[in-house]
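Here is how names work: the chains are called A, B, and so on, in the same order as the sequence lines, proteins then strands, and each is numbered from 1.
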2 protein chains.
Amino acid sequence: MITQKMKYALKALLVLADEAVKPAPEALTIEAIAKRSDSPKRFLEHILLELRNAQVVTSTRGRAGGYSLRMAPADISISEMLRLIDGPIAPLACLSRRAYQRCDDCTDEATCRIRKVFAEVFWSYLLIIDSLTLADMLRSGEVADQVIGKM
Amino acid sequence: MITQKMKYALKALLVLADEAVKPAPEALTIEAIAKRSDSPKRFLEHILLELRNAQVVTSTRGRAGGYSLRMAPADISISEMLRLIDGPIAPLACLSRRAYQRCDDCTDEATCRIRKVFAEVFWSYLLIIDSLTLADMLRSGEVADQVIGKM
DNA sequence: TAAATGTCTATAGTTTTTATCGTGTATAAA
DNA sequence: TTTATACACGATAAAAACTATAGACATTTA
């Protein structure tokens with residue numbers, strides 16, 4: 001399950017992306033983003049700060065300040081946002097490349113049957129999620145419609 | 001990330017499965033399973049109880065009592081175990097069939113862009129994980145080896 | 001300089017995770 | 001029938017993660 005924080009982050013990014021495609025895009029204040037995304041303002045503040053530190057959005061201070069996208073939606077990877085906000089996406093720490101951690105009790109990683117089976121799953125999962133960007137969320141998503149229909 | 005509890009559950013199931021294929025399988029006590037799987041005994045107790053209530057394992061009380069697999073490894077689905085121990089595996093509650101919950105702030109599920117993109121990912125993910133069973137973990141896992149090699 | 005706005009650190013309530021403990025119940029052997 | 005062994009089940013609790021909120025400060029522009 002993705003966290004509420006991640007939902008707020010994605011909603012905020014969608015608000016910023018929607019603004020970015022307008023003829024005369026303006027920087028949006030935290031307050032405005034909070035309102036449009038229906039997120040708690042003071043919480044969103046922290047989220048936007050993280051996105052800013054990750055170079056995903058830019059901010060300008062003072063009067064008429066606010067936030068706007070820094071990267072093109074097609075360059076904002078969903079999996080990167082997940083890693084940034086929710087932490088590692090690997091099912092096991094010992095399968096994460098960036099947040100690798102050996103299991104305390106692990107005697108032999110190479111033969112661990114739990115690791116093996118989840119490596120298999122994770123590999124396929126990464127292939128999919130690593131290919132998704134904010135741009136895919138902006139499109140109306142015909143594929144997703146079909147998927148939901150099947151479920 | 002799967003929880004520590006789920007790791008213990010899988011380890012315990014592997015211990016029970018390894019016992020089940022022996023020429024003269026015996027019921028294993030919680031203590032024995034805890035030792036072989038390197039899990040905290042009193043915690044494992046609750047996990048085994050859940051597995052028992054889910055008809056995955058059987059238990060016999062009293063002297064010479066203990067636990068053993070009730071289902072064949074090929075019939076023990078990894079994703080079902082995940083659902084049992086860790087809860088819903090859908091990335092969003094509104095995408096879970098068994099633990100469906102509408103988002104508090106959701107105005108229109110059909111057009112929610114977050115839901116759509118994760119539905120797409122989840123659909124593919126389910127396809128993979130739903131096909132895996134404990135039997136796949138028992139096999140040495142040549143496919144997984146290749147996967148890990150690529151990572 | 002005043003008003004608007006972002007920055008940053010601290011704090012705190014709630015929930016989830018990860019256990020542990022005590023006691024009760026069932027079984028089989030002595 | 002007693003006793004040893006083992007599972008059953010509910011209560012409790014420490015630690016971590018999640019979800020915020022608050023206050024003080026810095027920056028910009030009118």
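For the pair B/F43 CZ and D/dA15 P, the interatomic distance rounds to 16 Å; values are reported in whole Å. Straight-line distance from the CD atom of B/E50 to the P atom of C/dT17: 11 Å, rounded to whole Å. Rounded to an integer number of Å, the gap from A/K7 NZ to D/dC18 P is 14 Å. Distance B/D86 CG to C/dT17 P: 7 Å, rounded to the nearest Å. Rounded to whole angstrom, the span from the CD1 atom of A/I47 across to the P atom of D/dC18 amounts to 13 Å. Per the geometry, CG belonging to B/L44 stands 11 Å off P belonging to C/dT20, to the nearest Å. The interatomic distance linking A/Q4 (CD) with D/dT21 (P) rounds to 12 Å, in whole Å.
By the ring-ring contact (aromatic ring centres under 6.0 Å, His included) test, A/F43 pairs with A/Y8, sequence neighbours left out. A search for side-chain hydrogen bond (donor to acceptor under 3.5 Å, both in side chains) contacts involving A/T60 returns nothing, not counting sequence neighbours.
The backbone N or O of A/I2 lies less than 3.5 Å from no partner atom in the side chain of A/D86, so there is not a single donor-acceptor pair. Not a single donor-acceptor pair under 3.5 Å links the side chain of A/E31 to the backbone N or O of A/K41. Between the A/R115 side chain and the A/C94 main chain, a donor and an acceptor come within less than 3.5 Å of each other. Within the 3.5 Å criterion, the main-chain N or O of A/R70 finds no donor-acceptor partner in the side chain of A/Q55.
Using a 4.0 Å cut-off, no side-chain N or O of A/Y8 falls inside it from OP1 or OP2 of D/dT19.
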At a cut-off of 3.5 Å, list every protein nitrogen or oxygen paired with a nitrogen or oxygen from nucleotides 4-11 of chain D, distance to 0.1 Å.
residue: D/dA6; atom: O4'; partner: B/G62; partner atom: O; Å: 3.3
residue: D/dC7; atom: OP1; partner: B/I30; partner atom: N; Å: 2.9
residue: D/dC7; atom: O3'; partner: B/S59; partner atom: OG; Å: 3.3
residue: D/dA8; atom: OP1; partner: B/R52; partner atom: NE; Å: 2.7
residue: D/dA8; atom: OP1; partner: B/S59; partner atom: OG; Å: 2.8
residue: D/dA8; atom: OP2; partner: B/Y67; partner atom: OH; Å: 2.4
residue: D/dA8; atom: O4'; partner: B/R61; partner atom: NH2; Å: 2.4
residue: D/dC9; atom: N4; partner: B/E45; partner atom: OE2; Å: 2.3
residue: D/dG10; atom: O6; partner: B/H46; partner atom: NE2; Å: 3.0

